[in-house]
Amino acid sequence: MTFVLVVTTMAIFVTMAFALVRALKGPTIYDRILAVNVFGTKTVLAVALITYVTGHADLIDVALVYALINFIAIVAVLKLVKHRDLAAEAGEGDDRA
Amino acid sequence: MLDVLINILSWIFLLAGGAFGVIGGLGMVRFPDFYTRLHAAGVTDTLCALLIVLGLVLQSGFSLLTIKLLLILLFLLFTAPTATHALARAAMVDGLEPGDQQDPPDMVERDRETKPQGEPSSNT
Amino acid sequence: MNRLAFSLTLLLAALWLAVSGVYKPVILALGVASVALVVWLSVRMRVIGVEHNPVLFSWRLPAYWFWLIKRIFWANIQVTRRVFRPDSIKPAVIKVPVPQKTSVGKVTYGNSCTLTPGTVTLRLTREELTAHVLDDESARDLTDGSMAEKICWLEGNTEPKR
């Protein structure tokens, strides 16, 4: 059983490595943010798998919180890249339709 | 007997989830431009997460751990499209066309404008 | 309004009990306090009920999710095939009409489209959805209108709120 879990964890690590390759190569800044986003969601899955490999049930809370923080971080980084300011007012593109 | 069946089903789910993850990552490296890479990232965000969480749920049966896993899946499935859409929309508003291989010009210009006079960046 | 605040309280309490797992008096008191704080803040921010829609509590929702997961599965297989032959992709930007009556329905359409690999919503207005598609087959998923139809079915015969 543990063998299957470890293999799956390794597969997730490989996916994270691919995401890092994309983050390093770019070429646009959005490619890099996309790669960091994928890296974050795969971290959630990796932590969930490690919970089962090690048997420490408390670790699952880390995954739960990480899933929420990752999303907020990505949106915040996007806003920072766009406006150079986290408290900027709504500008072009922030349509309210 | 039933235990063995559930175990095997869970192995299949876990391994298939891992395989879809690797394929999505491979797609992110191989596809030619930003918008097509979004689709590859979508593979790792949806089916990979779905299969792995379902595989783990089959492992633990009904417990608090299962509820938390399903909550994680719910959060991932709700936030993934929002984050993807925010990325795609930001790239489009910034003038990145499908097929472009570098940052849109106005962003590069904006950097040039702000840097010389610029106040020292606080986020180092 | 009060009814909605009450159901929010119940929902938050259930969530807290589900993720806590420690049922000692002190911890439970902290839980009660945090639920009370969140409900009070939500009432103060006037966010309760703004997006309220009876559709959310219908038996059609689980049926729709099941349908969507099947859809996502086949779309994944399709994109997986493209990953191994990256030359065969034909990316395009297409526009499709948005027939849903309620704003929740429209947003559900946009999100379901993004969640399905092969199609990403670039822009959603009241009448039109602009999407980036990976190839012709992904485009057909949107242009044949099956997903729009399914979400109209999900909306049922609820009256448009706005």
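Lettering follows sequence order; numbering is per chain, from 1. Just the heavy atoms: all of them, side chains too, but no hydrogens, waters or symmetry mates, feed the values below. Source: prediction; values computed, not measured.
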field: Most contacts with chain C, counted as non-hydrogen pairs under 4.5 angstrom, among B:L26, B:D33, B:V43
entry: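 Most heavy-atom pairs within the cutoff with chain C belong to B:V43.
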query: Which one, B:R30, B:M92, B:K68, B:M28, leads in non-hydrogen pairs under 4.5 Å with chain C?
result: B:R30
With only heavy atoms counted, which part of [X] is less than 4.5 Å from chain B, the side chain, the backbone, both or neither?
| X | result |
| --- | --- |
| C:I72 | side chain |
| C:I89 | side chain |
| C:V93 | side chain |
| C:T119 | backbone |

- request: Please report the shortest heavy-atom distance between C:V79 and B:H39, naming the atom on each side.
  value: CG1-O, 4.3 Å
- prompt: Where is the tightest heavy-atom contact between C:A18 and B:L64, given as atom of each residue plus distance?
  reply: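 The answer is O-CD2, 2.9 Å.
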Taking every heavy-atom pair that is under 4.5 Å apart, which of [options] has the most such pairs with chain B?
| options | answer |
| --- | --- |
| C:T114, C:V83, C:L15 | C:V83 |
| C:S112, C:G118, C:S20, C:C113 | C:G118 |
| C:T116, C:T80, C:T130 | C:T80 |

- line: Whatever's closer than 4.5 Å to a heavy atom in chain C on B:F31 counts as side chain
query: Between B:L71 and chain C, which part of the residue has a heavy atom less than 4.5 Å away: side chain, backbone, both or neither?
result: side chain
query: Residues two or more places apart in sequence or in another chain: which of them pass side-chain contact (heavy atoms from CB on, under 4.5 Å) with C:L30?
result: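 Counting only residues at least two positions away or on another chain, C:L30 forms no side-chain contact (heavy atoms from CB on, under 4.5 Å).
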query: Around atom OH of C:Y23, are there more than 12 heavy atoms of other residues, nucleotides or ligands at under 6.0 Å?
result: yes
Can you measure from [atom1] ([X]) to [atom2] ([Y]) and round to the nearest 0.5 angstrom?
| X | Y | atom1 | atom2 | value |
| --- | --- | --- | --- | --- |
| B:L50 | C:I69 | CG | CD1 | 5.5 Å |
| C:H132 | B:T36 | NE2 | OG1 | 6.5 Å |
| C:L115 | B:T84 | CG | OG1 | 8.5 Å |
| B:T79 | C:N111 | OG1 | CG | 10.5 Å |

- prompt: Going through the checks in order, is the side-chain contact (heavy atoms from CB on, under 4.5 Å) test met by B:L51 and C:F73?
  reply: CA-CA 10 Å; B:L51 287 173; C:F73 179 78; 5.8 Å; no
message: Parallel, tilted or perpendicular, judged at 30° and 60°: which one describes the rings of C:W65 and B:F78?
response: perpendicular
field: B:Y35 vs C:L122 side-chain heavy atoms within contact, under 4.5 Å
entry: yes
query: How far apart are the C-alpha atoms of C:V19 and B:I67, what are their side-chain angles, what is the distance that settles it, and do they pass the side-chain contact (heavy atoms from CB on, under 4.5 Å) test?
result: CA-CA 8 Å; C:V19 296; B:I67 298 176; 5.7 Å; no
message: Given 3.5 Å as the limit, does a donor-acceptor pair link the side chain of B:H85 with the main chain of C:T121, or not?
response: yes
